Amino acid sequence: MIRSRQSGTRVRGPFLLVPLSLLLFAGPTYADDPKEPSEPAEPAEPEDRTDDQCIECHNDRKLLEKEDTKKQWIDMDVFSTTTHGDSGCTACHTAVTTAHPKDEKKVEKPECDSCHEETATEYKASKHADDSECKECHNPHDSRSANLVTSLVMNAMCEKCHEKPDLLEKHAWLPRIDYHLAALPCVTCHTASPEYVIAMYVEKRTAGPVGEPMKRDELRKLVPEGKPLASLIDTTGDGKVTLNELRAFNRRAARDGLKLQAMMMPAEITHNYDTLKSRFDCTFCHAKGPDKKQKAFLAFPEEDDNRFVRVPVQEGAILDILAGTPDFYMIGASATRNSVLNLLGFGLVGVGMCFAGGHSFFRLLTMGRRRKGGRHNG
Amino acid sequence: MGDLMNNATTAGNVALLAEPSRPVVKDGRYYLTALPIRIWHWLNALAILSLIVTGSQIRYPDKLKLLDYKWAIRVHDWAGIAIIVFFFWWGAYYGIVGRRLFHVYRLYVPRNEDIWPGLFRQARFYLWGYFAGEPHPYEPTPDNKFNPMQKVFYALLMFVVVPLLCVTGIALLNVTPLRQLLTEWGGIKLFVSLHYLLGAFVVMFLFIHIYLCTLGQTFWGGFTSMVSGWGEPHHEAEPPEETPNAP
């Protein structure tokens with residue numbers, strides 16, 4: 001049933017008899033009578049639908065009221081912010097014309113590999129291809145680029161099939177498994193991306209182990225009008241966060257009820273879920289070393305809560321134990337970056353060694369002149 | 001129990017297992033350290049050495065390749081838990097047994113005279129008097145086993161350093177469930193830094209402790225004392241009275 005856009009009333013053929021009968025009987029015309037709006041003539045060939053036409057039906061919340069139409073509802077607030085949203089409905093749903101939905105034909109699902117050929121090829125070679133199709137992990141109306149999302153969003157996809165108790169059992173070889181599972185998306189290890197990056201999000205201090213990042217509206221209250229959310233930490237506004245800016249934020253953070261939460265994300269997104277050999281070697285992540293530049297970003301929901309824009313952080317700053325960030329600590333990586341603590345620790349050990357060494361030296365020197373049988377008490 | 005302790009032979013045998021109610025002397029030597037404490041001492045030593053080696057591996061993975069990282073963490077976790085168990089063993093022994101006998105539990109509590117002039121006298125001996133051939137200013141007796149410097153260091157260790165190491169260690173064992181608490185108290189970094197510095201203090205202590213144990217009448221005297229429980233012979237003007245039928 002098509003609804004007229006002007007009045008929204010249903011118009012049918014029989015009403016056409018009224019103006020026709022007037023012509024036949026040549027009676028008085030009622031030129032001032034309001035005429036029923038007429039239905040626009042149907043085109044001879046069905047044309048492609050426009051996005052607005054799609055939205056009109058598919059964003060109608062009435063679809064959610066019935067079980068059989070629920071799946072047809074698309075959240076346009078979300079869809080419009082995605083790359084697929086930019087492309088438009090008919091970019092994927094190419095076969096939908098103005099004959100839909102009157103023709104009551106089932107709309108063919110689009111093939112993802114018509115655009116995502118490389119990804120599809122990689123995926124088909126992976127273990128997951130036998131068990132799930134693209135749409136079982138990805139909602140095509142809510143798909144965002146990997147660098148825009150948090151590890152919580154990434155893991156939500158995996159958690160559809162992979163349950164927690166099973167994960168804990170399979171990863172029992174990994175120390176602090178609960179912490180690893182919380183701070184890393186699965187695809188940081190189950191990936192073909194050799195490198196990872198650290199992304200940090202502003203959270204409320206009460207958020208718990210790895211909580212939800214703060215919402216855009218909440219962050220907006222902390223930042224002056226007109227300035228980007230990143231200015232909360234990037235106070236110079238140069239698009240980069242330095243160690244000093246991190247230090248200044250961390251000092252204020254406790255007082256303001258905020259903290260930074262780190263998530264280690266894959267540097268590239270791949271659809272190969274084998275575990276790289278390097279991931280079984282703890283020191284790949286947990287080591288200082290010249291190669292471990294530890295690329296890091298701060299991420300803010302500048303436009304909306306579904307998209308986080310990344311701001312690069314000075315290399316190594318995140319892991320500086322004194323100033324970087326109080327809560328994010330990687331053993332073996334964070335520790336060795338601060339020379340003050342190392343100095344103190346080695347200093348203490350040095351005092352012990354020097355005492356034992358120095359005393360031994362003088363002991364040997366004076367061995368001859370010391371009385372035998374001198375008393376001792378440890 | 002009290003009746004048993006009055007009989008020297010039985011006292012000698014029972015002393016192998018528990019603290020005698022009065023000092024036991026044989027050949028000018030005091031029976032100083034009961035078996036439960038000797039066991040505690042050596043088990044603790046083993047655990048602490050494990051913690052130092054694994055702790056160093058954990059902290060410096062790029063500089064040290066002694067152990068597989070995962071195993072270093074596991075051994076460190078379990079040795080840390082062992083230290084906590086041993087600590088309660090030590091506390092229970094001195095708190096319960098020590099209290100009921102001649103207040104052995106006070107061994108670790110420095111008195112005013114231990115701080116001054118005790119510490120000064122002891123430090124002077126180690127840094128100067130020893131090389132000049134002076135006799136040791138203190139000799140251990142069962143109710144006063146430790147010289148002032150030992151008392152202060154051992155008290156610091158057992159009442160401050162080890163408890164703090166255990167508490168920070170437990171926190172780091174349970175980072176996820178305790179996340180909120182850790183955040184409120186200054187973040188993981190505070191706990192890690194404290195844990196590391198206290199660990200470095202223990203390493204410093206170990207060098208001094210093991211070395212000073214060689215400063216007995218014989219090089220190995222300090223070690224054999226801690227194995228047998230018997231001290232080195234006393235050389236006071238009035239030697240202690242021998243316990244009849246001591247083992």
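Each chain gets a letter, A, B and so on, in the order the sequences are listed, and its residues count up from 1. All values below come from the heavy atoms of this structure, side chains included, with hydrogens, waters and symmetry mates left out. Treat the numbers as computed from the prediction; the structure is a model and nothing was measured.
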Would you please say whether a donor-acceptor pair under 3.5 Å links the side chains of B/Tyr126 and A/His359?
no
Would you please say whether a donor-acceptor pair under 3.5 Å links the side chains of A/Arg176 and B/Thr176?
no
Which atoms of [X] come close to chain A, meaning under 4.5 Å heavy atom to heavy atom: side chain ones, backbone ones, both, or neither?
| X | result |
| --- | --- |
| B/Tyr130 | both |
| B/Leu198 | neither |
| B/Phe131 | both |
| B/Asn174 | neither |

Side chain, backbone, both or neither: which part of A/Ala254 has an atom under 4.5 Å from a heavy atom of chain B?
neither
Side chain, backbone, both or neither of A/Leu365 within contact of chain B (heavy atoms, under 4.5 Å):
neither
[atom2] on [Y] to [atom1] on [X], rounded to 0.5 Å:
| X | Y | atom1 | atom2 | answer |
| --- | --- | --- | --- | --- |
| A/Phe362 | B/Leu127 | CZ | CG | 10.5 Å |
| A/Phe355 | B/Met204 | CZ | CE | 10.5 Å |
| B/Gln180 | A/Lys259 | CD | NZ | 7.0 Å |
| B/Thr183 | A/Lys204 | OG1 | NZ | 15.0 Å |
| A/Asp178 | B/Arg179 | CG | CZ | 10.5 Å |

Go through B/Ile188 and A/Tyr179 one step at a time and tell me if the side chain to side chain contact (heavy atoms under 4.5 Å, CB included) criterion holds.
CA-CA 13 Å; B/Ile188 295 174; A/Tyr179 191 21; 3.6 Å; yes
Yes or no on side chain to side chain contact (heavy atoms under 4.5 Å, CB included) for B/Asp62 and A/Thr283, after CA distance, side-chain angles and deciding distance?
CA-CA 8 Å; B/Asp62 47 330; A/Thr283 61; over 6 Å; no
When A/Gly347, A/Ser360, A/Gly357 are compared by non-hydrogen pairs under 4.5 Å with chain B, the top option:
A/Ser360
Side-chain contact test, heavy atoms from C-beta onward, threshold under 4.5 Å: evaluate it for [X] versus [Y] and give yes or no.
| X | Y | value |
| --- | --- | --- |
| B/Tyr196 | A/Leu344 | no |
| A/Met353 | B/Val203 | no |
| A/Leu341 | B/Arg59 | yes |

Please give me the minimum heavy-atom distance between [X] and [Y], naming the atom from each residue.
| X | Y | answer |
| --- | --- | --- |
| B/Arg74 | A/Trp173 | NH2-O, 2.6 Å |
| A/Gly332 | B/Pro61 | CA-CD, 3.5 Å |
| A/Arg363 | B/Thr214 | NH2-O, 2.7 Å |

Has [X] got more than 12 heavy atoms of other residues, nucleotides or ligands less than 6.0 Å from its [atom1]?
| X | atom1 | result |
| --- | --- | --- |
| B/Trp185 | CH2 | no |
| B/Lys65 | NZ | yes |
| A/Phe361 | CZ | no |

Please lay out, stage by stage, how A/Ile331 and B/Ile73 fare under the test side chain to side chain contact (heavy atoms under 4.5 Å, CB included).
CA-CA 10 Å; A/Ile331 51 169; B/Ile73 296 203; 3.6 Å; yes
Can you sort out the partners of B/Glu113 under salt bridge (charged side-chain N to carboxylate O under 4.0 Å, His left out), two or more places apart, ordered by chain and number?
none
Trace of the side chain to side chain contact (heavy atoms under 4.5 Å, CB included) decision for B/Tyr69 with A/Asp281
CA-CA 8 Å; B/Tyr69 208 75; A/Asp281 172 14; 5.8 Å; no
Let's test your reading of the structure: which of B/Leu178, B/Asp68, B/Leu172 forms the most heavy-atom pairs below 4.5 Å with chain A?
B/Leu172
Take B/Tyr60 and A/Asn342, measure what side chain to side chain donor-acceptor pair (under 3.5 Å) needs, and give me the verdict at the end.
CA-CA 11 Å; B/Tyr60 300 105; A/Asn342 280 341; 2.8 Å; yes
